[in-house]
Amino acid sequence: MQIAVVGSGYVGLVASACFAELGNEVICVDNDSSKLAALQRGEVPIHERFLPELIARHRGQRLFFSGSLERAVRASQVIFIAVGTPSRNNGECDLSFVEGVSREIGRAMNGRKIVVEKSTVPVCTSDWIRKIMLLNGAPRSSFDVASNPEFLREGSAVTDFLYPDRIVIGADSDTCAGVLRKLYEPLICRTYARQKDAVPAPDDATTIPQLIVTSAKSAELIKHASNAFLAMKISFINAIANICEAVGANIEEVCEGIGSDRRIGKRFLAPGIGYGGSCFPKDLKAFRSVAGEAGYDFRLLDEVIRINDEQCQRFLRKVRSALWTLKGKRIAVLGLAFKGGTDDIRESPAVELVRALVRELAEVVAYDPAATERAREVLADDAVTFGDNPYDVASDADALLILTDWEEFAALDLERLRNELKYPIVIDGRNLYSPELMSELGYMYFSVGRPDAMPKERDVTRLKKAG
Ligand code: NAD
């Protein structure tokens with residue numbers, strides 16, 4: 001199929017590369033000229049596993065990058081809108097990019113096409129896209145508007161796209177649903193997975209993804225409701241972790257106990273410093289506002305947001321109580337991205353915490369495997385320095401904080417790390433290590449919802465860096 005994808009961000013670029021991988025001819029459009037130039041030179045502007053390989057495989061063959069939405073629309077049967085839908089100051093979703101793109105698509109129409117929302121949008125947006133296209137000259141019978149929400153997660157976006165749990169197609173006509181079903185057929189029937197050069201399936205991939213065909217409105221709601229539910233799960237377990245801390249229980253044991261109920265499940269029961277990123281924070285606010293407009297006061301979401309906001313503050317208090325005063329202390333920070341596997345720092349709790357430490361006049365030295373460059377830009381005004389590896393930043397630090405769940409951070413040489421630190425203090429916002437192990441290794445170790453661990457050895461000073 002001839003496809004246009006509008007927006008070459010985390011969703012648009014991954015979708016473009018994956019649709020090309022499935023055999024389609026794809027034009028990926030962006031109006032950011034520097035991003036476009038980089039893509040046209042073969043550079044990959046985001047950190048995402050398997051993405052550079054897919055782009056290298058298809059660029060110039062089946063995958064093209066363009067600044068002309070008009071040409072892309074005219075050359076395509078299906079047009080995916082994957083532009084940003086950020087928050088406005090009042091929490092509502094800013095749909096101006098979606099509106100601008102719909103206007104341009106309406107003006108460029110030259111035959112039958114399907115316009116698909118891939119961006120996360122409030123329910124009823126498909127009606128608005130239809131109206132805007134009609135107002136801009138698209139003949140009524142020449143197009144369908146469908147919703148195909150994206151569930152990929154940054155850090156595993158390519159495999160999430162190619163091996164999804166489910167594919168939701170929100171279409172208001174059978175023909176339109178049929179075209180989109182055909183597009184996803186290699187994933188639904190798993191013929192893609194059997195291709196000899198296919199991107200390998202993750203171990204936990206479902207054998208056959210579920211295809212869910214709904215109305216456009218239901219599909220729009222599915223995406224907002226999914227993100228709200230996942231965020232609620234995070235805030236819920238963070239609240240339980242806070243109770244564990246207060247009474248001396250262990251959140252890991254509690255998670256094991258509640259997660260083994262199949263109605264609840266173990267996944268996403270991971271306490272920490274709260275959710276962040278470009279989706280949950282904005283989508284919750286947008287959903288809250290959409291519900292309000294629909295006449296439902298969704299106060300549960302306020303509480304989810306409140307617990308999340310508080311989680312960072314609680315962690316900061318934990319740092320203070322481990323170190324007493326922060327002024328002048330050298331603090332090593334591992335992790336700046338909002339989660340492991342990505343370079344995305346939008347709404348990252350790690351960045352928020354770094355800023356808070358700097359405000360308290362701590363000297364922060366940070367390391368992230370992929371997000372340092374982006375963090376350097378947003379933290380340019382703050383007194384933060386960046387190291388080349390975890391041991392480098394730990395050198396002579398008063399304490400080390402773990403703020404992102406990178407796999408690399410869960411596999412550190414802990415003896416070496418301890419010898420680098422001035423004091424063997426680790427405050428782990430992602431629960432990457434077992435308190436028992438850290439205690440054995442001579443650390444003072446503070447994590448989330450679990451008992452603090454103190455060094456097995458009596459004489460802590462013995463563990464200080466030699467000299
Ligand atoms: P992004 O900010 O990384 O990318 C958006 C891209 O759209 C940018 O490159 C921007 O230049 C481009 N753009 C904006 N206006 C344009 C226009 N008029 N013409 C052409 N290009 C234009 O955003 P993202 O993270 O890819 O998210 C896109 C949408 O997908 C959002 O609605 C988001 O909520 C949703 N989503 C994101 C994720 C994720 O993990 N990032 C997952 C699922 C859904």
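The first residue in the sequence is number 1, and the count goes up from there. Both counts, for ligands and for their atoms, begin at 1 and track the order of listing. Model, not experiment: these values are computed from the prediction. Computation of the quantities below employed the complete heavy-atom set of this structure, encompassing side-chain atoms and omitting hydrogens, waters and symmetry-equivalent molecules.
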**Per-atom contacts, ligand 1 versus Phe97 - under 4.0 Å to a heavy atom** = 15 (N)
**Complete:** Here the atoms of ligand 1 under 4.0 Å from any heavy atom belonging to Gly9 are 1 (P), 3 (O), 4 (O), 6 (C), 9 (O), 26 (O)
**Request:** Please write down residue, atom name and distance for the protein heavy atom closest to atom 33 (C) of ligand 1.
**Result:** Lys282 NZ, 3.8 Å
**Prompt:** Quick one: which ligand 1 atoms are inside 4.0 Å of a heavy atom on Glu154?
**Reply:** 39 (C), 40 (O), 41 (N)
**Prompt:** Which residue and non-hydrogen atom of the protein lie closest to atom 37 (C) of ligand 1, and at what distance in Å?
**Reply:** Val11 CG2, 3.2 Å
**Request:** With heavy atoms under 4.0 Å as the rule, classify the contact between His224 and ligand 1 as side chain, backbone, both or neither.
**Result:** neither
**Item:** Which of the ligand 1 atoms, numbered from 1, are nearer than 4.0 Å to a heavy atom of Asp32
**Value:** 11 (O)
**Message:** Heavy atoms only, cut-off 4.0 Å: how does Tyr10 contact ligand 1, side chain, backbone, both, or neither?
**Reply:** both
**Request:** With Arg166 as the cation and Phe151 as the aromatic partner, state whether NZ or CZ is under 6.0 Å from the six-membered ring centre and within 45° of the axis.
**Result:** yes
**Request:** Answer with yes or no whether Glu104 contacts ligand 1, where contact means a heavy atom under 4.0 Å from a ligand atom.
**Result:** no
**Prompt:** Under 6.0 Å between ring centres, would you say that holds for Phe298 and Phe287?
**Reply:** yes
**Message:** Starting from atom 35 (C) of ligand 1, what is the nearest protein heavy atom, named by residue and atom, and what distance separates them?
**Reply:** Thr120 OG1, 3.4 Å
**Message:** Below a 4.0 angstrom heavy-atom separation, can you tell me which part of Val101, side chain or backbone, both or neither, approaches ligand 1?
**Reply:** side chain
**Item:** For Lys35, atoms of ligand 1 separated by under 4.0 Å from a heavy atom
**Value:** 8 (C), 9 (O)
**Item:** N or O pair under 3.5 Å between Phe151 and ligand 1
**Value:** no
**Prompt:** Where the closest heavy atom to atom 32 (O) of ligand 1 is concerned, which of Asn227, Val6, Thr85 has it?
**Reply:** Thr85
**Short N-O contact, Glu310 and Arg306, less than 4.0 angstrom** = yes
**Request:** Record the part of Cys279 in heavy-atom contact with ligand 1 below 4.0 Å; permitted values are side chain, backbone, both and neither.
**Result:** side chain
**Asked** How far is atom 23 (O) of ligand 1 from its nearest protein heavy atom, and which residue and atom name does that atom have?
**Response** Arg346 NH1, 3.8 Å
**Prompt:** Is Ser119 touching ligand 1 with its side chain, its backbone, both, or neither, if touching means heavy atoms under 4.0 Å apart?
**Reply:** both
**Asked** Given Val83, Leu152, Asp283, which has its nearest heavy atom closest to atom 28 (C) of ligand 1?
**Response** Val83
**Message:** Angle between ring planes, Tyr163 versus Tyr192, binned at 30° and 60°: parallel, tilted or perpendicular?
**Reply:** tilted
**Prompt:** To the nearest 0.1 Å, how far is atom 11 (O) of ligand 1 from its closest protein heavy atom, and which atom is that?
**Reply:** Asp30 OD1, 2.6 Å
**Request:** Going by the salt bridge (charged side-chain N to carboxylate O under 4.0 Å, His left out) test, name the single residue among Asp344, Asp343, Asp368 that passes it with Arg374.
**Result:** Asp343
**Asked** Looking at side-chain heavy atoms only, is the closest gap between Glu70 and Arg107 below 4.5 Å?
**Response** no
**Message:** Side chain or backbone, does Glu150 bring an N or O within less than 3.5 Å of an N or O on ligand 1?
**Reply:** no
**Prompt:** Are the charged groups of Arg299 and Asp302 less than 4.0 angstrom apart, N to O?
**Reply:** no
**Message:** Is it true that, when you exclude Arg74 itself, more than 12 heavy atoms of the residues, nucleotides or ligands shown sit nearer than 6.0 Å to its CZ?
**Reply:** yes
**Asked** Which of the atoms of ligand 1 are close to Gly84, meaning less than 4.0 Å from one of its heavy atoms?
**Response** 5 (C)
**Request:** List every atom of ligand 1 that sits less than 4.0 Å from any heavy atom of Lys223, numbering the atoms from 1 in the order shown and giving each element.
**Result:** 43 (C)
**Prompt:** What about the rings of Phe161 and Phe19, do their centers lie closer together than 6.0 Å?
**Reply:** yes
**Message:** If we only consider heavy atoms of Gly100, is any one of them less than 4.0 Å away from an atom in ligand 1?
**Reply:** no
**Item:** Within-shell test, Arg153 vs ligand 1, heavy atom, strictly < 4.0 Å
**Value:** no
